[in-house]
Structure formats: C-alpha cells, structure tokens
Amino acid sequence: MSAYKSAEQYRDVASRLAIPSKAFIDGEWQAAASGNVFENIDPATGTMLGLVASCDGADVDRAVRAARRSFEDGGWSRAAPEERKAVLLRLADLVRAHAEELAVLESLDSGKTIKDCLNEIGHEVPTFFQWYGELADKSFGKVAPTAEKVVAMIVKEPIGVVGLVLPWNFPLLMAAWKLAPALAAGCSAVLKPAEQTPLSALRLAELAIEAGLPPGVLNVVPGFGETAGQAIGRHSDIDAVSFTGSTEVGAYFLKYASESNLKPVGLEMGGKSPMIVLDDADIDDALVSSAISAAFWNGGQNCSANMRQIVDRKVKDAFLDRVLERTRALQVGDPLDPATDLGSMVSAEHKERVLSYIEIGRSEGARVLAGGGASEGLSGSFVDPTVFDGVDPSMRVAREEIFGPVLGVIPVDGVDEALRIARDTDYGLHATIFTRDIDKAFHLARRLPCGTVAVNGFTEGNVTTPFGGYKRSGSLTRDNGTEAVDQYLQTKTIWISLR
Ligand code: NAD
C-alpha cells in the first residue's frame with residue numbers, strides 16, 4: 001500500500017486550507033501598516049492563492065520592537081534551558097501533527113512535489129526542532145585555567161534579536177534550519193520568508209505560540225527583498241542576521257551591516273557544485289540515482305545541486321546511457337500527485353530564467369540529449385529535466401548557477417583533470433565523488449574547496465553535520481550541527497578575583 005494519499009485527496013485537503021494572509025507580529029496576525037498586499041501565486045496553475053501583507057520598514061520596526069521587548073523581559077532568553085527545550089519539543093510534535101496540512105500549503109505555494117514536502121515537513125523539520133531543543137540543556141560553558149585566587153568563567157549568551165532572511169526553495173526547512181538553533185540559544189527572531197513562498201512560515205509562527213513560545217519571540221514579516229529584507233539588514237536594533245539565498249543578495253547584507261550597526265552576518269549562498277565520476281566507479285543503480293537526484297531533486301532548485309557532472313571518458317557512455325534512461329522516466333507534472341517526480345518551477349519568471357540558460361547552453365555548443373525546454377501539455381511553470389553532453393568548463397552553463405533541472409556532463413581524462421575542473425569555480429558549497437579507490441577519494445575530498453564532500457552517494461548530510469560554503473557560497477558561519485548555534489551566541493568572560 002502506498003504511503004501517500006491520492007492527488008484528489010490532497011486537493012481536498014487544499015480546498016479546506018486556511019491560507020495565511022497577514023504578518024505575524026507579537027503573537028498576533030497584523031496587516032502591513034501601509035495596508036499593502038501582494039499576490040501569492042500557485043506556480044503550477046498560475047492561479048492566485050491569496051493576498052499577503054507586503055511588509056516594509058514600518059512593519060519590520062514593529063516586529064523588532066516586539067522581539068526586543070520579549071528578549072529583554074527574559075521570559076525566553078533567560079528561561080531555564082529545559083523550559084526552552086520543552087517548548088521546542090512541543091513545536092516538533094505540532095509540526096508532525098500538522099505535517100499534511102503544512103505540506104499541501106507548501107506544495108501549492110512553491111510548486112514542490114507533495115512527496116518532497118511531506119518528507120521535509122513530516123520528518124526533517126520536526127527533527128530540527130527536536131534536535132536543537134535537546135541540545136539546549138546539554139551545552140556547557142567553560143572554566144579557564146587560572147591561579148587559585150581567580151575564577152574565570154567563559155559563558156555563552158544569546159546574541160539578542162536576530163533577523164532570519166530565507167529563500168524559496170525549501171521554505172519551511174530553511175526556516176527550521178535557522179529558527180531551531182536561534183530559539184534554542186534564547187534569541188528572539190524576525191523572520192522574512194521569500195516573497196514567492198510566505199505561507200508555511202506564517203503557519204509555523206502560529207503553531208509556535210500553541211507550543212508555548214512567548215509572544216514576540218518569533219515574528220514573521222512577509223514581503224519583498226528591497227523593502228522588508230533591506231529593512232532587516234539595515235536595522236540598528238537587530239543584533240545579527242542569518243541569510244540564505246543568492247550570492248548577489250548575500251553581498252547586500254554585508255553592505256547593509258557595514259552601513260548600519262556592524263551586525264554579524266551569516267551567509268549561506270549559491271553553488272555550482274561538481275560530481276566527479278572516476279574511471280573505476282561502478283555505474284550502478286546507486287551511482288545513477290545519485291546523479292539524478294544531485295541534478296533534478298527539487299527541480300534542480302537546490303543550492304548544492306551537482307549540475308557539473310565531471311565524468312571520465314572511459315565510463316562516460318555507460319554513465320550517459322543509464323542517466324538518460326532514468327531522466328526520460330521522470331514524471332513532470334501536478335505537484336499534488338504523489339507519482340510526480342518534478343513539480344513546477346517556483347514562478348513563471350524563474351521558469352523563463354531556466355529556459356534562457358538552456359538556450360545559452362545550446363548556443364555555446366553543448367548537446368541536448370534529453371529535455372531541453374518547457375514541458376509540453378502543461379500550462380504552469382514546468383521545465384523538462386534536461387541533460388547536456390559536451391559541456392566545456394568555460395561555458396556559462398558550467399560557471400553560473402542555473403537553479404533548474406539541468407545536468408551537464410563534462411568529459412575528462414583522469415583524476416588530475418577532474419580535480420582541476422572541479423576546483424575551477426567561484427563557488428564552494430558541495431561536491432560528490434564516485435570512485436572505488438579510497439586513496440583517491442580522500443585526496444579529492446581534501447583538495448576540493450567546499451563545505452561538504454559526499455563520497456559514493458549524493459547527500460548534504462543531516463541535522464548533525466554543519467552545512468555551509470567556502471568562497472562565494474558562504475561565510476565562516478555554518479547552519480546545522482552544533483556549529484549552527486554559534487551564529488546566535490555571544491561569548492562572555494567573567495573574571496572573579498577572590499579575596
Ligand atoms: P534571493 O537571494 O533572491 O532571495 C533570498 C531572500 O533575500 C528572499 O527572502 C528575498 O526576498 C531577499 N532579498 C532579495 N533581494 C534583497 C535585497 N535587495 N535586500 C534584502 N533582501 C533581499 O534567493 P532565492 O532566489 O530566494 O533563492 C535561491 C538562492 O538561494 C540560490 O542562489 C541558492 O543557491 C541559494 N540557497 C542557498 C542555500 C545554502 O544553504 N547555501 C540553501 C538554499 C538556497
């Protein structure tokens with residue numbers, strides 16, 4: 001029996017959903033002070049889901065005031081860690097209990113498949129709240145080595161009010177990546193979801209109140225980057241920002257910080273990640289599944305997508321045969337149908353961007369072996385999974401982030417050429433290596449300048465392992481793992497001279 005319901009049943013859930021439309025500030029739904037709203041579109045059908053408050057500086061200001069008040073009154077920031085843990089565990093349970101509703105909401109909002117939404121929201125999102133909740137009462141400070149007449153304690157304190165600015169590709173999962181460690185640390189937050197996908201984070205804010213989070217600790221301000229996003233970046237009473245999105249916008253946040261209060265800025269940004277297939281790799285199901293999901297998972301709208309597949313010429317034909325067979329079997333279509341493998345691109349605008357990159361690849365001389373355009377017979381923002389062969393490392397499609405379902409094969413001769421090409425990028429988020437030779441695997445893993453290296457299987461790791469980028473993919477901060485909490489803490493030394 002399938003673990004999933006039918007598309008009709010998910011559509012029935014959709015027909016009964018309450019679609020959030022206001023900002024969530026100080027524990028309450030609030031319209032934007034300006035009264036402005038924006039249209040929230042389902043990209044799979046082009047229909048409007050509703051009108052959402054378009055927040056700007058005045059709303060961010062209200063949210064920061066609520067967050068500051070809640071932070072200073074200490075109900076959350078100075079609560080016993082086990083109290084914070086209890087709330088985060090209750091929130092994890094509430095997300096699990098509402099997973100279907102949240103997943104359908106997110107699928108409609110983003111065009112992501114219901115399968116992926118159920119997996120992320122039913123399993124991964126609650127795991128984040130649970131894991132960081134559990135961590136809250138197991139993190140110890142330090143006592144420095146001193147003379148007997150001194151006690152020097154090194155303690156960690158919540159940094160204060162944090163701004164969390166999110167992308168649209170994994171809306172609720174990215175919210176959980178930031179929010180769970182920030183709340184566990186004792187911070188108060190002003191969270192801005194991407195304008196394409198505001199709904200699930202708004203519903204989460206309501207569930208957080210039900211879980212016992214004091215009003216004002218979590219505020220969600222939907223709106224556009226240049227208004228709500230910039231207002232967060234420039235706000236002088238926000239103590240730190242954690243941002244996930246494009247490298248271009250990440251750079252703005254450094255500028256905003258330098259022109260306001262010098263707040264620290266954590267950046268998780270784009271990528272152009274390689275998958276290296278050496279000549280000794282078995283071209284088996286595991287490898288082919290990895291190649292497919294590395295390029296096409298979430299419609300390729302994934303920061304760590306391995307679009308550049310660098311394949312030794314000795315195994316290239318075998319690799320392409322299997323990859324093409326699997327690509328042609330992928331089902332593109334209705335995101336609410338659990339048989340669908342690739343849903344819609346997030347917006348009509350993004351679909352056009354991806355299609356223009358496919359044209360650029362063609363005009364640069366790469367050969368299209370599968371896909372290569374919009375999906376026929378589907379009226380929403382659908383793009384067929386596309387495989388290019390003969391990609392040259394100098395082409396724009398090999399250098400710029402496409403963020404769509406495009407897999408490009410770069411043929412190489414041997415490990416040295418593979419490494420040279422894999423390293424030749426401005427980004428440094430992720431890489432995958434396929435080889436049976438453990439020495440080569442270690443050599444490549446150490447020489448690749450990126451935050452995550454997966455060997456013999458495509459993965460980004462999980463909640464326990466830090467995730468972030470080298471070079472233009474990130475800052476020194478990391479999401480996930482115990483490292484994520486550092487973004488939301490200050491270190492204090494308390495030096496006590498005894499008499
Ligand atoms: P984006 O940079 O366009 O937007 C991200 C967020 O920034 C949105 O909330 C947006 O409203 C806001 N924003 C946009 N312009 C702004 C401005 N001028 N000032 C302030 N805020 C502004 O990114 P996106 O298109 O939503 O997401 C796709 C990007 O995110 C890709 O580059 C992808 O690689 C990256 N990403 C990275 C990770 C990671 O962990 N490294 C994870 C997911 C996505």
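As the structure lists them, so they are numbered: ligands from 1, and atoms in each ligand from 1. If you're wondering where the values come from, they're calculated on a predicted model, not measured in any experiment. Sequence positions, counted from 1, serve as the residue numbers for this chain.
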*Asks:* Before signing off on this row, confirm whether Leu166 and ligand 1 have an N or O atom pair separated by under 3.5 Å.
*Replies:*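 Such a contact does occur with ligand 1.
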
*Asks:* Holding to side-chain contact (heavy atoms from CB on, under 4.5 Å), I want the full list of residues that pass it with Arg326, two or more places apart in sequence or in another chain.
*Replies:*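 Testing Arg326 for side-chain contact (heavy atoms from CB on, under 4.5 Å), a comparison that skips the adjacent residues, returns Val288, Ser289, Ile292.
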
*Asks:* Of the protein's non-hydrogen atoms, which lies at the shortest distance from atom 7 (O) of ligand 1, and what is that distance?
*Replies:*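 Of the protein heavy atoms, Phe243 CE1, 3.3 Å lies nearest.
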
*Asks:* Please test Glu400 against Tyr357 for side-chain hydrogen bond (donor to acceptor under 3.5 Å, both in side chains), starting from the C-alpha separation and ending with a verdict.
*Replies:* CA-CA 9 Å; Glu400 298 171 19; Tyr357 266 110; 2.5 Å; yes

*Asks:* Would you check if the distance from the ring center of Phe467 to the ring center of Trp177 is below 6.0 Å?
*Replies:*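 Yes, the ring of Phe467 comes within the 6.0 Å limit of the ring of Trp177, centre to centre.
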
*Asks:* As an exercise, state the distance from CG of Leu166 to OG of Ser200, rounded to the nearest 0.5 Å.
*Replies:*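 It comes to 9.5 Å.
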
*Asks:* Report yes if Phe403 has an N/O atom closer than 3.5 Å to an N/O atom of ligand 1; otherwise report no.
*Replies:*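 Checking ligand 1 against Phe403, no N or O pair falls under 3.5 Å apart.
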
*Asks:* Do the rings of Trp29 and Phe24 sit parallel, tilted or perpendicular, given the 30° and 60° boundaries?
*Replies:*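 Geometry flag for Phe24 against Trp29: perpendicular rings.
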
*Asks:* What protein heavy atom is closest to atom 32 (O) of ligand 1, reported as residue, atom name and distance in Å?
*Replies:*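 Answer for atom 32 (O) of ligand 1: Glu401 OE1, 2.7 Å.
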
*Asks:* What residue and heavy atom of the protein are closest to atom 27 (O) of ligand 1, and at what distance?
*Replies:*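 Protein heavy atom at minimum distance: Pro167 CB, 3.4 Å.
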
*Asks:* Are there more than 12 heavy atoms of other residues, nucleotides or ligands under 6.0 Å from atom CD of Glu134?
*Replies:*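 Atom CD in Glu134 is crowded, with more than 12 foreign heavy atoms closer than 6.0 Å.
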
*Asks:* I'd like the name of whichever of Gly229, Cys303, Ser273 reaches closest to atom 39 (C) of ligand 1 through any heavy atom.
*Replies:*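 It is Cys303 whose heavy atom sits nearest to atom 39 (C) of ligand 1.
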
*Asks:* Could you tell me, atom by atom, which parts of ligand 1 come under 4.0 Å of a heavy atom of Glu268?
*Replies:*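 Those of ligand 1 that fall under 4.0 Å from Glu268 are 37 (C), 39 (C), 40 (O), 41 (N).
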
*Asks:* Any N or O of Ser246 that comes nearer than 3.5 Å to an N or O of ligand 1?
*Replies:*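 So ligand 1 has an N or O lying under 3.5 Å from an N or O of Ser246.
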
*Asks:* Please state which option from Phe467, Tyr427, Trp168 has its nearest heavy atom closest to atom 24 (P) of ligand 1.
*Replies:*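 Shortest heavy-atom distance from atom 24 (P) of ligand 1: Trp168.
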
*Asks:* For Glu195, take its heavy atoms, then give the atoms of ligand 1 lying under 4.0 Å from any of them.
*Replies:*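 Under 4.0 Å from Glu195, ligand 1 has these atoms: 10 (C), 11 (O).
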
*Asks:* Could you tell me which atoms of ligand 1, counted from 1 in the order shown, lie closer than 4.0 angstrom to a heavy atom of Leu429?
*Replies:*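 Going through ligand 1 atom by atom, the ones under 4.0 Å from Leu429 are 41 (N).
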
*Asks:* Using a 4.0 Å cut-off to any heavy atom of Asn169, which atoms of ligand 1 qualify?
*Replies:*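 Answer for ligand 1: 43 (C), 44 (C).
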
*Asks:* Which residue and non-hydrogen atom of the protein lie closest to atom 15 (N) of ligand 1, and at what distance in Å?
*Replies:*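 For this ligand atom, the closest protein heavy atom is Val249 CG2, 3.5 Å.
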
*Asks:* Does Met269, backbone or side chain, put an N or O under 3.5 Å from an N or O of ligand 1?
*Replies:*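 Between Met269 and ligand 1, an N or O pair is found under 3.5 Å apart.
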
*Asks:* Are the side chain of Trp131 and the backbone N or O of Thr464 linked by a donor-acceptor pair below 3.5 Å?
*Replies:*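 Side chain of Trp131 to backbone of Thr464, a donor-acceptor pair under 3.5 Å: no, none is there.
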
*Asks:* For the 3.5 Å polar cut-off, considering only N or O atoms, please tell me whether Lys192 and ligand 1 meet it.
*Replies:*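 Between Lys192 and ligand 1 (N or O atoms, distance only) the closest approach is under 3.5 Å.
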
*Asks:* Can a protein heavy atom be found under 4.0 Å away from atom 4 (O) of ligand 1?
*Replies:*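 Under the 4.0 Å cut-off, atom 4 (O) of ligand 1 has no protein heavy-atom neighbours at all.
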
*Asks:* Just which atoms of ligand 1 are under 4.0 Å from any heavy atom in Tyr252?
*Replies:*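 The list of qualifying atoms is 18 (N).
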
*Asks:* If only atom types and distance count, is the side chain of Thr477 paired as donor or acceptor with the main-chain N or O of Gly266 below 3.5 Å?
*Replies:*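 No, Thr477 side chain to Gly266 backbone: no donor-acceptor pair under 3.5 Å.
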
*Asks:* Regarding ligand 1, does Gly225 bring an N or O atom to under 3.5 Å of one of the ligand's N or O atoms?
*Replies:*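 Yes, at least one N or O pair falls under 3.5 Å.
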
*Asks:* With a cut-off of 4.0 Å, which atoms of ligand 1 are near a heavy atom of Phe253?
*Replies:*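 Here the atoms of ligand 1 in question are 20 (C), 21 (N).
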
*Asks:* Starting from the C-alpha separation in whole Å, work towards a yes-or-no answer on side-chain hydrogen bond (donor to acceptor under 3.5 Å, both in side chains) for Ser347 and Gln196.
*Replies:* CA-CA 8 Å; Ser347 63; Gln196 297 86 347; 5.5 Å; no

*Asks:* So does Thr127 get a backbone contact from the side chain of Tyr132, meaning a donor-acceptor N/O pair under 3.5 Å?
*Replies:*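 No, Tyr132 side chain to Thr127 backbone: no donor-acceptor pair under 3.5 Å.
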
*Asks:* Can you check which of Gly468, Gly245, Ser473, Gly250 brings a heavy atom nearest to atom 30 (O) of ligand 1?
*Replies:*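 Ranked by closest heavy atom to atom 30 (O) of ligand 1, first place is Gly245.
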
*Asks:* Looking at side-chain heavy atoms only, is the closest gap between Asn119 and Lys115 below 4.5 Å?
*Replies:*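 The answer is no; the side chains never approach within 4.5 Å.
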
*Asks:* Looking only at distance, does Thr244 have an N or O less than 3.5 Å from an N or O of ligand 1?
*Replies:*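 No, Thr244 has no N/O under 3.5 Å of an N/O on ligand 1.
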
*Asks:* May I ask you to decide if His235's main-chain N or O and Lys263's side chain share a donor-acceptor pair within less than 3.5 Å?
*Replies:*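 Yes, the answer is positive, given that a donor and an acceptor are paired below the 3.5 Å cut-off.
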
*Asks:* For the 3.5 Å polar cut-off, considering only N or O atoms, please tell me whether Tyr256 and ligand 1 meet it.
*Replies:*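 Tyr256 vs ligand 1: N/O contact under 3.5 Å present.
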
*Asks:* Number the atoms of ligand 1 from 1 as they appear, then name those within less than 4.0 Å of a heavy atom of Ala194, with their elements.
*Replies:*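 Listed by number with element: 9 (O).
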
*Asks:* So does Phe319 have more than 12 non-hydrogen atoms from other groups sitting under 6.0 Å from CZ?
*Replies:*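 Yes, the 6.0 Å shell around CZ holds more than 12 heavy atoms from other groups.
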
*Asks:* Determine whether a donor-acceptor pair (N or O, by modelled atom type, separation under 3.5 Å) exists between the side chain of Arg308 and the backbone of Lys272.
*Replies:*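 Such a contact is found between Arg308 side chain and Lys272 backbone.
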
*Asks:* Any N/O of Glu226 closer than 3.5 Å to an N/O of ligand 1?
*Replies:*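 N/O-N/O distance under 3.5 Å: no.
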
